[in-house]
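Side chains included, hydrogens not; waters and symmetry mates left out as well; all remaining heavy atoms used. Throughout, residue positions are numbered sequentially from 1 according to the sequence presented.
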Amino acid sequence: MKFAQFNYARLMDATSNALVEAGIEITKKFVAASGKNATLADKEEYSKANAEFSTIFMKHCIEKAGYEFKGMDMLKNPQVYGDAEFTKHFRAVLAQIITPVAPAVITEKYGMVAEVRQIGWGETARFIVKSNDLFVVNDIAEGVRTGGLQRVYNDEFTVNPTPKQIRYDIPWYQVASNIFDWGDFAYKIGLSFSSYINMLVIKAFADVVADWALASSPYVVNGFSDSNYITIAQRVQAANGGSDVVVLGSLSTVGTIFSNELGLQYGLGEEMNKNGFLDKYKGYRIAYFDPSMIGTTVNTTATLVVPEEVLYFIPVGMEKPIKVVFEGENVTIESIPTVTADKTGGLQITMRLGVNAVVGQRFGAITGVTGS
């Protein structure tokens with residue numbers, strides 16, 4: 001692996017835009033250097049680039065505050081990092097670095113069920129859901145000029161974003177010592193928001209299925225069988241004008257979709273061992289939701305977001321049932337006063353977002369999937 005080269009030395013008189021670009025590049029380098037294929041040389045290159053970026057970033061903020069930059073030791077002085085101009089420029093650059101990381105929150109496979117929309121400050125996202133009812137074709141007698149007058153009504157739904165926040169203390173002594181990991185910090189903030197939003201998407205999706213199941217919807221059945229699988233897939237396909245249908249679920253759940261016929265099992269076994277699931281079954285494509293974990297359970301119960309034992313049948317290219325709405329700039333950062341022994345500086349990192357189910361087209365589900 002070889003990183004894209006970024007000339008940090010030329011940034012010593014950097015504008016904030018150039019710093020933002022460098023910060024985003026640092027985050028990408030961190031992800032690459034943390035990958036399973038990363039070498040020791042990759043990690044050393046990242047460490048050097050991170051230290052160079054940190055020096056340039058702090059020099060920019062210190063000089064904007066009206067001080068002459070004399071080295072990173074200046075960050076040990078609370079009069080410097082507490083200066084209003086320093087914190088203003090520090091927050092502005094850092095927010096723009098995190099912003100493109102945080103909205104990359106809907107992975108390709110979550111994107112099958114979620115639509116992302118950006119609105120301005122103070123606005124409300126409105127969604128028009130067109131009726132999926134079909135017109136009744138009347139059988140009329142000779143001499144009768146018209147059938148009954150029919151109307152199709154659309155519904156309007158709104159999604160109002162609310163603030164979601166992470167509070168974090170910047171350890172200024174680590175920054176002053178040039179060992180603070182900016183790539184790790186930005187990536188972890190983005191990953192935390194990502195995990196939270198994915199959790200909201202799946203929860204909204206699962207709530208709709210649970211409501212339909214209680215209402216005995218024809219688009220939700222319990223228990224996997226070839227008959228149930230084909231029935232739900234065909235109903236969803238027909239209800240969406242013949243659209244292609246993809247079957248989604250957790251990896252362990254889609255991995256249970258397998259033929260009962262011994263002869264076919266021999267032929268499909270290699271694909272199952274390689275991928276963990278079949279790419280296609282009974283004419284319908286299969287995919288799995290990328291795993292996402294509830295943040296507070298990482299070091300306790302390690303609870304994954306995607307419900308087990310549920311298969312979702314999604315029409316491809318149709319109206320997406322879950323809406324994710326960002327309001328204003330994706331990320332804002334504020335300073336908060338903190339007094340701690342290790343000289344940390346508090347930050348409030350806020351994203352205004354809303355997630356809700358706005359169901360237009362029909363999708364389907366099989367619950368209680370425990371094996372074929």
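In this structure, the separation between OG on Ser54 and NZ on Lys59 is 13.5 Å, given to the nearest 0.5 Å. Atoms CD1 and OG, from Ile98 and Ser192 in turn, are 10.0 Å apart once rounded to the nearest 0.5 Å.
Using a distance-only test at 3.5 Å, with no hydrogens or angles considered, no donor-acceptor pair links the side chain of Glu21 to the main chain of Asn17. Using modelled atom types, no side-chain atom of Ser243 and backbone atom of Asn240 make a donor-acceptor pair closer than 3.5 Å. A donor-acceptor contact shorter than 3.5 Å is absent between the side chain of Asn228 and the backbone of Ile366. Of the possible donor and acceptor atoms, one in the side chain of Thr231 sits under 3.5 Å from a partner among the backbone N and O of Ser227. Listed for the Thr55 side chain is a donor-acceptor partner under 3.5 Å among the backbone atoms of Ala51. For Glu123 (side chain) and Gly120 (main-chain N/O), a donor-acceptor pair under 3.5 Å exists by modelled atom type. Judged purely by atom type and a 3.5 angstrom limit, Thr253 uses its side chain to pair as donor or acceptor with the backbone of Glu309. With hydrogens and angles disregarded, a donor-acceptor distance shorter than 3.5 Å links the side chain of Arg117 to the backbone of Arg126. For the pair Gln165 (side chain) and Met351 (backbone), a donor-acceptor distance under 3.5 Å is absent. The backbone N or O of Gly183 sits less than 3.5 Å from a side-chain atom of Tyr46, completing a donor-acceptor pair.
In terms of hydrophobic clustering, with Ile, Leu, Val, Met, Phe, Trp and Tyr side chains grouped at heavy-atom distances under 4.5 Å, Leu278 and Ile230 are assigned to a common cluster. Linking Ile, Leu, Val, Met, Phe, Trp and Tyr residues whenever their side-chain heavy atoms come within less than 4.5 Å places Leu304 and Val298 in a single cluster. Connection of Ile26 to Ile179 is not established within any shared hydrophobic cluster, with ILVMFWY side chains joined at heavy-atom distances below 4.5 Å, either directly or through further cluster members. Hydrophobic cluster membership is shared by Phe289 and Val316, with clusters built from Ile, Leu, Val, Met, Phe, Trp and Tyr side chains linked at under 4.5 angstrom.
Residues Val208 and Trp212 are in side-chain contact: their nearest non-hydrogen atoms beyond the backbone lie under 4.5 Å apart.
Salt bridge absent: Glu45 and Lys48 never bring a charged side-chain N and a carboxylate O closer than 4.0 Å.
In terms of the ring-ring contact (aromatic ring centres under 6.0 Å, His included) criterion, residue partners of Phe57 (sequence neighbours excluded) are, by chain and number, Phe53, Phe90, Trp182. In this structure Tyr67 satisfies the ring-ring contact (aromatic ring centres under 6.0 Å, His included) test with no other residue, sequence neighbours excluded.
Among all heavy-atom pairs drawn from Pro218 and Ile232, the shortest one is O-CD1, 3.6 Å. Counting all heavy atoms, side chain and backbone alike, Thr303 lies closest to Thr301 at OG1-OG1, 2.8 Å.
Residue Phe180 qualifies as enclosed at atom CZ: its count of foreign heavy atoms under 6.0 Å is above 12. For NZ of Lys164, the number of neighbouring non-hydrogen atoms (other residues, nucleotides, ligands) closer than 6.0 Å is greater than 12.
When ring centroids are compared, Phe205 and Tyr312 come within the 6.0 Å threshold. Here the two rings, on Tyr229 and Phe313, have centers that are under 6.0 Å apart. The six-membered or imidazole ring of Phe127 lies away from that of Phe157, with a centre-to-centre distance of 6.0 Å or more.
Between Phe185 and Tyr168, the two ring planes are tilted [angle within 30° to 60°].
Results of the side-chain contact (heavy atoms from CB on, under 4.5 Å) test with Leu311 over Ile257, Ile286, Leu248 single out Ile257 as the only residue that passes.
Under 3.5 Å, the side chains of Asn50 and Ser47 contain no donor-acceptor pair of N or O atoms.
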